[in-house]
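These notes concern the structure reproduced below.
Throughout, numbering of the chain's residues begins at 1 and tracks the sequence. Model, not experiment: these values are computed from the prediction.
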Amino acid sequence: MAAASPPASPPHPKRPKMSSSSDPDQEPTSPSAAGADGAQPRAPRYKRRKVAILLGYCGAGYQGMQKNPGARTIEGDLEEALYRAGAVPEADRAAPRRYDWARAARTDKGVSAAAQVVSGRFYVDPPVFTDRLNAQLAPQIRAFGYVRVTNSFNAKKFCDRRRYVYLLPVFALDPSAHPDREAVMASVGSGSELTKCLECSERGRKVPGVMGREGKVPDPALQEEKSVEASREEAAVGSNEDANCDPASTGDRSVDLPIPDNETNTQITEMRSNGAEKCDVQLSGGTLCSEAVPASISETVCPILNSDSNTNSDSVDVDPSFVAEKKGSIETVVTEDGNKQAMDVVTEDEKKQDVDYEGSSLEEMPLKSAFSYTHEVKEMFNRILKKYVGTHNFHNFTTRTKAEDPAAKRFIISFAADRVVNLDGIDFIRCEVVGQSFMLHQIRKMIGLAVAVMRNCAPESIYDVAFRKDVNLNVPTAPEVGLYLDECMFTSYNKKWKDSHEAVSMEPYSEEAEEFKLKYIFPHIAAMEHKEGAVALWLHSLNSRNYPDFRYMDNAGTEASIAAAVESVDEGTVPSDNISSVMASYDA
């Protein structure tokens, strides 16, 4: 009788396939992984997950969000950081299509974001994935967290709405602030002369050591050396008897301050490059100009112009209460690293005003300019912004998109500017726009045309033809620095998958996003306006010489009159002499 065979050993269990829907966080290690000689088992391999990463960034120094060969972009830095953090394998490096990469919004050069969303299939190991990713990113790019999503999720296609915010300085709506050269020349002799903007003439030059549009922070050692040189120059200039303005050539018009030597010119350049509050420099005969006063030397306002060595009637004086009152009007917010930033100053008495202005009226706050965001100005500005709401053909508000292209039609859900915030002493209007999607430069051009209408550079009736397919207009583009992405919304996705997946929302990270804005985005916007006058310089270009289409409605009306007159002459109902009068008015 044959011996019984030994029982068969059970088969080894199958290893699960790598997929984002698997529950275990890591693959099990095979018992045979440890060698027969007792060697250490190999490191565990993590699963790829389909996730949505929520992040924010400051756009200074970057050529936009989308990856572009040869340019520094947010997407380029983020992809490299994901690889270095272990979320992307070596085989998929620099190949985002292999891991289903998608972005919810594509921001322009210099535009920031407080709530950007990107999606893809990554190796994540909770809860340290976000920390590992941030360790590989620049400080101005922060990942707030990530959310597990469905395999079919795409950050671009599943995003229902995008909300952008543009912080526009209040003075941008003042027709008399930062006028163009033609407007200044035309106002001579009218009794209400416009003032030549001396500070913008200086800002237009290259100032060394100042944070530029590329977002480069000055070297602290270089700044210290320059401050020592500035102190020496200040002492030399203080004893210079020619430093005062000559009022002989002044009158009711503004004049340029004479700069007698290189030392004075260097000192004024240093003053303007440090960031400034504005003070009115007065002569005995009237207002001379508006100069920039650095906050760092606010205790000795305008030391060049208010020299103690010259106390005659021609010297320039500044109200000593300027500095104390200005300091008292700024509330500081302390961020994590101890830096102080001014933000949203509101008093209880100001909240009771009918105007939704988070500042004060001219009588209560004499330091503010005569122009403010009053109830009437707010109503007019919001009326103009509401013209964008709805479905329109925005081919005039973008580039490289023809009117016949279906992509030119966009749907704007809301556009409003109901609040004023204060950043580092400058009042900004918070313009909030919500839409399904936006084209290149679309928001900046919408703001640009609205500002042109508010400053009386273009008629409000220009909106009657701005969305027509057969009309091509050259619309001004507002500076990019004040624009940032405030939120990406996934309403339909969250409603559909609410029972099985976590919602893609910034709500759990709202505090972190707000801290990021206070630390990086808002200070950058204020610094660019203080040091470079981003919006102020742009306002000088808003004229019919640079944008002839501002007169489109006038020219269209005249051409229509000529056409009607010619038709009437052909029919014999109007004498031909009338054509000459119409043509003469057109030529004029």
Side-chain angles (χ1 to χ4, degrees), residues 16-27 44-57 65-67 73-107 113-137 141-162 485 487-513 516:
K17 293 182 179 180
M18 184 175 292
S19 89
S20 60
S21 61
S22 177
D23 290 335
D25 287 337
Q26 65 185 40
E27 295 182 357
R45 295 176 57 191
Y46 293 99
K47 293 287 188 180
R48 274 195 180 188
R49 312 291 187 192
K50 190 66 175 289
V51 299
I53 303 175
L54 299 96
L55 69 149
Y57 54 83
M65 172 69 184
Q66 186 176 12
K67 192 175 181 180
T73 62
I74 300 292
E75 200 172 78
D77 283 12
L78 187 57
E79 288 180 7
E80 184 65 18
L82 286 168
Y83 164 73
R84 294 183 179 275
V88 175
E90 176 70 29
D92 295 348
R93 185 180 185 183
R97 289 187 178 181
R98 294 185 178 180
Y99 47 86
D100 299 336
W101 175 266
R103 74 191 83 82
R106 182 179 58 184
T107 54
Q116 176 69 284
V117 179
V118 297
S119 63
R121 297 170 61 87
F122 306 114
Y123 291 104
V124 293
D125 50 334
V128 296
F129 169 68
T130 304
D131 297 334
R132 290 191 296 114
L133 180 58
N134 285 329
Q136 303 298 330
L137 290 169
I141 307 177
R142 290 291 90 181
F144 304 129
Y146 70 93
V147 178
R148 290 282 302 275
V149 293
T150 62
N151 289 330
S152 62
F153 181 86
N154 184 288
K156 178 182 178 180
K157 297 178 181 179
F158 282 50
C159 184
D160 302 320
R161 293 174 291 172
R162 285 98 174 163
L485 175 64
E487 188 177 3
C488 297
M489 308 175 194
F490 300 84
T491 308
S492 299
Y493 170 83
N494 293 337
K495 183 178 180 180
K496 181 177 181 180
W497 299 98
K498 62 181 179 179
D499 296 332
S500 59
H501 287 76
E502 188 178 354
V504 180
S505 172
M506 281 295 299
E507 186 175 355
Y509 311 103
S510 58
E511 294 183 2
E512 296 180 42
F516 182 83

Could you walk me through whether L54 and M506 pass the side chain to side chain contact (heavy atoms under 4.5 Å, CB included) check? CA-CA 7 Å; L54 299 96; M506 281 295 299; 3.3 Å; yes

Which atom of R162 lies closest to which atom of A105, heavy atoms considered: CG-CB, 4.5 Å

Measure the shortest side-chain to side-chain distance between L78 and I53 over non-hydrogen atoms and say whether it is less than 4.5 angstrom. no

Taking the six-membered ring for Trp, are F158 and F153 closer than 6.0 Å centroid to centroid? yes

What heavy-atom pair brings A114 and A513 nearest, and what distance separates the two atoms? O-CB, 3.8 Å

Pairwise distance CZ(F516) to CG(L55) - rounded to 0.5 angstrom: 8.5 Å

For V504 and V147 the tightest heavy-atom approach is CG2-CG1, 4.5 Å

Does R142 reach the side chain of L137, with side-chain heavy atoms less than 4.5 Å apart? yes

Measure the spacing between OG of S510 and CD of E487 and express it to the nearest 0.5 Å. 10.0 Å

Assess whether side chain to side chain contact (heavy atoms under 4.5 Å, CB included) is satisfied between Y123 and L82, documenting all intermediate values. CA-CA 9 Å; Y123 291 104; L82 286 168; over 6 Å; no

Out of curiosity, F122 CZ to R48 CZ, how far, rounded to the nearest 0.5 Å? 9.0 Å

Spacing of OG belonging to S505 relative to CE belonging to M489, to within rounding of 0.5 Å: 9.5 Å

Working for salt bridge (Lys or Arg N to Asp or Glu O under 4.0 Å), residues E80 and R93: CA-CA 8 Å; E80 184 65 18; R93 185 180 185 183; 2.6 Å; yes

For V117 and A155, work out which heavy atoms get closest and say how close. O-CB, 3.8 Å

Check the angle between the aromatic planes of W101 and Y99 and answer parallel, tilted or perpendicular using the 30° and 60° thresholds. perpendicular

K50 and T150: which non-hydrogen atoms are nearest, and at how many Å? CG-O, 3.3 Å

So do M65 and V118 actually touch side chain to side chain, heavy atoms under 4.5 Å? yes

Any S152 side-chain heavy atom under 4.5 Å of K157 side chain: no

Between NE2 on residue H501 and CZ on residue R148, distance to nearest 0.5 Å: 7.0 Å

Is the shortest side-chain heavy-atom distance between L133 and Y146 below 4.5 Å? no

Over all heavy atoms of both residues, which pair between K495 and K498 is shortest? Give the atoms and the distance, please. O-CG, 3.5 Å

E75 side chain vs K67 backbone, donor-acceptor pair below 3.5 Å: yes

Less than 4.5 Å apart, any side-chain heavy atom of W497 and any of V149? no

Distance in Å, T107 OG1 paired with Q66 CD, rounded so as to fall on 0.5 Å steps: 10.0 Å

Return yes if some donor-acceptor pair links the side-chain N/O of R103 with the main-chain N/O of Q116 below 3.5 Å, else return no. no

Tell me whether R121 is salt-bridged to D92, with the criterion being a basic N under 4.0 Å from an acidic carboxylate O. no

Can you find a heavy atom in the side chain of Y57 that is under 4.5 Å from one in the side chain of D77? no

Is the closest side-chain heavy-atom distance between F144 and T130 below 4.5 Å? no

